[in-house]
Amino acid sequence: MINNRNILCISGTEWNGNYIKAVVELMKVLSAKNKILFVENAYTYKDAIAGVSDKDKIDFAKAFGLKSRIKTIQTDKGGTVHVLFPPLVFPVNFLPNGMLYNNLLKFNGWLLRRSVKKALKKLDMQDELINFTSFNPGMGLITGRTFNEKTLIYHCYDEIKGAPYWLSKHGLRLEAGFMKMADAVIVTSKGLYDSKKDFCKQCFIVKNAVKVDLFKKGFNNTPDHTKKVVGYVGTIDDRSDYNILQYLFTSLPDAEFVFVGRILSERGEAILRKYPNVKVEGPKMPEQLPPYLQTFSVGIIPFVKDDFTKGIYPMKINEYLAAGLPVVSTNFGDIADFRNLIKITDDKETFMQYVLAEMAGDTPQKREARLKTAESNTWDKRADELSAVIEQVEDGLK
């Protein structure tokens, strides 16, 4: 693993939250041997107005620079991460491409760059700097190569062209520009690799992983065949195939379906809540998930297959496996690693039959084998793989 390095992570997300984020987990591991400045995704003035009644969402004192923007966090990996809350920026995604959009984007970049440079100087992180920009291609394009960084990496964990309109509207163009600028692009799936490899200098795959120590708290060695609980952990959004789900709900009235996660689709939530055998639990902190997994008989991944999902390497596969659960999934994307361990089909009737068969045929031996697979897919291992990629990229720059 790389060590004694300064890593600037300009992220498209926040450090905290009620779901697990690949970039956060990677930075936690790397923080044990490196100095990390994690820059959170900047809130806009529109966010600030909307958040006036939600003071937990936006720290206004930090947002307006009335107190230090830097918070130092001790990680569960024994390291330290410095988290920077950037200044508020102007909302620009709603604008058409043109002079106003470009000038406001440059101004937002200037605000971010000024704040980051101050933080890097204060933390004495200006030398031998790795700029690891994670799914924030707009800020990457505007601020990349301005921090005297030794290495510029674009970390891409989702497909922008399949993302919501507000993100993809400018995202495709900005990402294309940033990929040409970066020394390398690191993606999380074979689908993303195929999509990006021809538009950058070099492309590498570092897949997602699992917090094994957390999710195996949901491990039950002996399956309970007296119950049928079909579980889903993850975001409720438009990635799900609601035709398959509704077929399951109506065909298995004696089964209980439990959905745990953020709700980003009103349509999806309305469909789920129509059925008496479906429980919608809403978002939970990661530490709250193992007790749910303990009650599941099987975990499902009922994604549609489209431009967005084909680039996903879902964390939930390894999370289910760490809890020893059988898994039934649609054939949406990059899940070839698991073909001998989970059941995969796009046919709704076959999906249902797989669910029933996996619940009925589950054994302690199968559960142990699933856990063993999950234990080979840890964030520590992925951080080692990421380090090897960075070293390879830097060797090529000499």
So CD1 of Ile130 and CD1 of Ile153: to nearest 0.5 Å the spacing works out to 7.5 Å
Q.
Taking Asp306 first and then Lys310, would you say they form a salt bridge - that is, a charged N and a carboxylate O separated by under 4.0 Å?
A. no
Mark yes or no for whether Lys62, through its side chain, and Pro87, through its backbone, hold a donor-acceptor pair below 3.5 Å.
-> no
Q. Are Asp241 and Lys305 within salt-bridge range, i.e. N to O under 4.0 Å?
A. no
Exercise for review: Flag the pair Lys150 and Asp127 as a salt bridge only when some basic side-chain nitrogen lies within less than 4.0 angstrom of an acidic carboxylate oxygen.
Suggested key: no
Please check if the side chain of Ser195 supplies one atom and the backbone of Gly191 the other of a donor-acceptor pair under 3.5 Å.
no
Do Arg262's NZ or CZ and the ring of Tyr19 fall within the cation-pi criteria of under 6.0 Å and 45°?
yes
| query | Under a 4.5 Å cut-off applied to non-hydrogen side-chain atoms, are Met27 and Phe132 in contact? | reply | yes
Open item on the list: Using a strict threshold of under 4.0 Å (side-chain N to carboxylate O), is an ion pair present between Glu368 and Lys372?
Closed with: no
Exercise for review: Verify the neighbour count for atom NZ of Lys121: are there more than 12 heavy atoms of other residues, nucleotides or ligands below 6.0 Å?
Suggested key: no
Close side-chain approach of Glu256 to Thr295, heavy-atom, < 4.5 Å:
no
What one should report as the nearest heavy-atom pair of Tyr320 and Ile300 is OH-O, 3.0 Å
Salt bridge Glu391-Arg5, side-chain N to carboxylate O under 4.0 Å:
no
Would you indicate whether Asn102, at its atom CG, is surrounded by more than 12 heavy atoms from other residues, nucleotides or ligands within a distance under 6.0 Å? yes
Ion pair Arg145/Asp183, N-O distance below 4.0 Å: yes
With a 4.0 Å cut-off, would you call Glu358 and Lys366 a salt bridge?
-> no
Electrostatic pair Arg370-Asp362, nearest N-O below 4.0 angstrom: yes
Check: Could you walk me through whether Asp224 and Thr226 pass the side-chain hydrogen bond (donor to acceptor under 3.5 Å, both in side chains) check?
Finding: CA-CA 5 Å; Asp224 183 355; Thr226 65; 2.5 Å; yes
Notebook entry, point to check: Aromatic ring centroids of Tyr101 and His170 under 6.0 Å?
Noted result: yes
_For the backbone of Asn136 and the side chain of Thr133, can you confirm whether one donor and one acceptor N or O come within less than 3.5 Å of each other?_
no
Heavy-atom neighbours of Glu266 CD exceed 12 at 6.0 Å: no
Does the pair Asn331 and Asp346 meet the rule for a side-chain hydrogen bond (donor to acceptor under 3.5 Å, both in side chains), with working shown?
CA-CA 6 Å; Asn331 189 27; Asp346 290 326; 4.6 Å; no
Looking at Glu319 and Lys211, is there a salt bridge between them, counting it only when a charged N and a carboxylate O are closer than 4.0 Å?
no
Using modelled atom types only, decide if a donor and an acceptor are shared between the side chain of Asn220 and the backbone of Thr222 within a distance under 3.5 Å. no
Residue pair Asp124, Lys35: steps toward the salt bridge (Lys or Arg N to Asp or Glu O under 4.0 Å) verdict: CA-CA 10 Å; Asp124 191 23; Lys35 206 167 184 178; 5.2 Å; no
**Asked** Is the backbone of Thr235 close enough, under 3.5 Å, to the side chain of Tyr232 for a donor and an acceptor to pair up by distance?
**Response** yes
